[in-house]
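A quick write-up on the structure given underneath.
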2 protein chains.
Amino acid sequence: MQQSPPTRERILDAFQELIIESGERAATLGAVAERAGVSKGGLLYHFGSKEALIDGLMGRLKELVDADIALMRVDPTGPIDYFIRTSVSMEGQFDRCIVAAARLAQGAHPAARDGLRSAQAEWLNVITETVHDPAIARTIMLVGDGIYYNSSMGAGALTAQEMDDLVSTVHRLAATSAP
Amino acid sequence: MQQSPPTRERILDAFQELIIESGERAATLGAVAERAGVSKGGLLYHFGSKEALIDGLMGRLKELVDADIALMRVDPTGPIDYFIRTSVSMEGQFDRCIVAAARLAQGAHPAARDGLRSAQAEWLNVITETVHDPAIARTIMLVGDGIYYNSSMGAGALTAQEMDDLVSTVHRLAATSAP
DNA sequence: GTCTATAGATAGATAGAC
DNA sequence: GTCTATCTATCTATAGAC
């Protein structure tokens with residue numbers, strides 16, 4: 001029998017999805033509460049302010065980033081393949097959480113900005129360990145950032161063919177080296 | 001003697017800068033009016049609603065994009081060099097307008113989303129004409145998108161050295177071709 | 001732990017004087 | 001073309017019952 005997630009998680013889910021679907025502005029406490037199936041008062045018992053709600057989502061982000069970095073390091077296809085392919089999906093909790101965080105970061109919420117920045121720093125670390133050339137590593141990071149930029153703008157997902165082309169293009173780039 | 005720009009332009013400037021500095025949410029009609037040096041009523045004479053204000057900024061964006069595409073086609077260093085180097089600055093009206101539009105697009109404003117999408121389509125056209133390989137062209141576009149993603153997140157500007165490295169890395173990528 | 005009721009602040013927009 | 005005054009709606013947050 002299916003258990004409904006704890007209220008706290010349902011609230012964070014509702015907040016995250018509302019931000020993705022309709023922007024930060026539409027993610028009011030009332031809308032989040034309704035979507036999570038609680039009253040405003042009930043929501044404010046778990047997160048005492050809107051800032052606390054954002055901090056809650058950033059806590060979730062940090063957990064997911066840590067898990068992702070660990071997976072990236074051990075992926076059999078290598079960190080670059082993993083990085084590009086997982087940047088693109090928008091299907092999992094992780095990507096959805098990142099897109100929501102990106103939108104909050106644009107709304108000038110320092111906690112969201114810092115959370116994403118430290119995630120970027122960790123990814124760049126692993127990529128630099130792999131390709132050694134810092135300029136190439138930074139360029140690959142920019143490709144990943146570009147993918148998130150498009151995701152967060154509601155662009156459609158890449159086809160499987162486009163995805164394969166992109167991965168192989170990035171691999172050729174990684175094999176290149178400055179003269 | 002310095003002429004102050006017409007009120008309409010001052011209002012658009014104020015709107016744009018407020019969005020960049022503090023996010024869409026802080027760019028209320030009152031805040032925009034104050035920054036532009038008019039009253040709310042004065043603002044609403046020129047732009048009858050917040051949506052009209054957004055449409056006004058999108059009109060400015062379209063003009064700037066058209067001018068940019070024209071420059072990109074005739075730049076002596078070539079379209080790719082021009083595309084990468086100008087994606088990065090955040091100093092000119094054009095980049096600031098794009099970043100503001102990107103933030104509005106994330107707030108689920110369809111007009112902003114459409115304006116940016118058509119700009120991206122035009123850039124991609126020119127790049128594809130230059131490098132011929134569509135997968136490489138798309139990858140270069142993603143690098144440019146990544147730069148804007150970082151700009152709109154308030155990341156610091158690249159150093160001149162990082163910029164040169166990036167441009168040469170992208171050029172090596174452009175020289176690559178699928179087997 | 002969750003609810004209702006409500007306070008207090010601020011948003012977008014209108015009306016009409018100048 | 002610009003202003004002040006004001007209306008209405010909505011948002012965050014608090015208080016207190018259950």
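Throughout, protein chains are lettered first and strands after them, A, B, ... in sequence-line order, and every chain is numbered starting at 1.
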Next item on the list: Could you check A:G41 against A:G30 and say which one's nearest nucleotide on DNA chain D is further toward the 5' end?
Entry: A:G30

Note to self: To the nearest 0.5 Å, what is the distance between CD on A:Q16 and CZ on A:R60?
What the structure shows: 5.0 Å

Checklist line | Heavy atoms from other residues, nucleotides or ligands near CD of B:E51 exceed 12 (cutoff 6.0 Å) | finding: no

Mind checking if [X] touches a base, just sugar-phosphate, or nothing, with heavy atoms under 4.0 Å?
X     : answer
A:R25 : sugar-phosphate
A:L29 : sugar-phosphate
B:S39 : base

Item checked: side chain to side chain donor-acceptor pair (under 3.5 Å) partners of A:R138, counting only residues at least two apart -> none

Check: Are side-chain heavy atoms of A:L116 and A:L61 found at a separation under 4.5 Å?
Finding: yes

Next item on the list: Walk along DNA chain C from 5' to 3' and tell me the first and last nucleotide with an atom closer than 4.0 Å to a non-hydrogen atom of chain A.
Entry: C:dG1 to C:dG12

Notebook entry, point to check: Just by distance, with hydrogens left out, do A:D165 and A:Q161 show a side-chain donor and acceptor under 3.5 Å apart?
Noted result: yes

Notebook entry, point to check: Rounded to the nearest Å, what distance is computed from the CG atom of residue B:L44 to the C1' atom of nucleotide D:dA5?
Noted result: 14 Å

Margin query: Strictly by side-chain hydrogen bond (donor to acceptor under 3.5 Å, both in side chains), give each pair with a member in residues 28-50 of chain A just once, sequence neighbours left out.
Written below: A:E21-A:R35

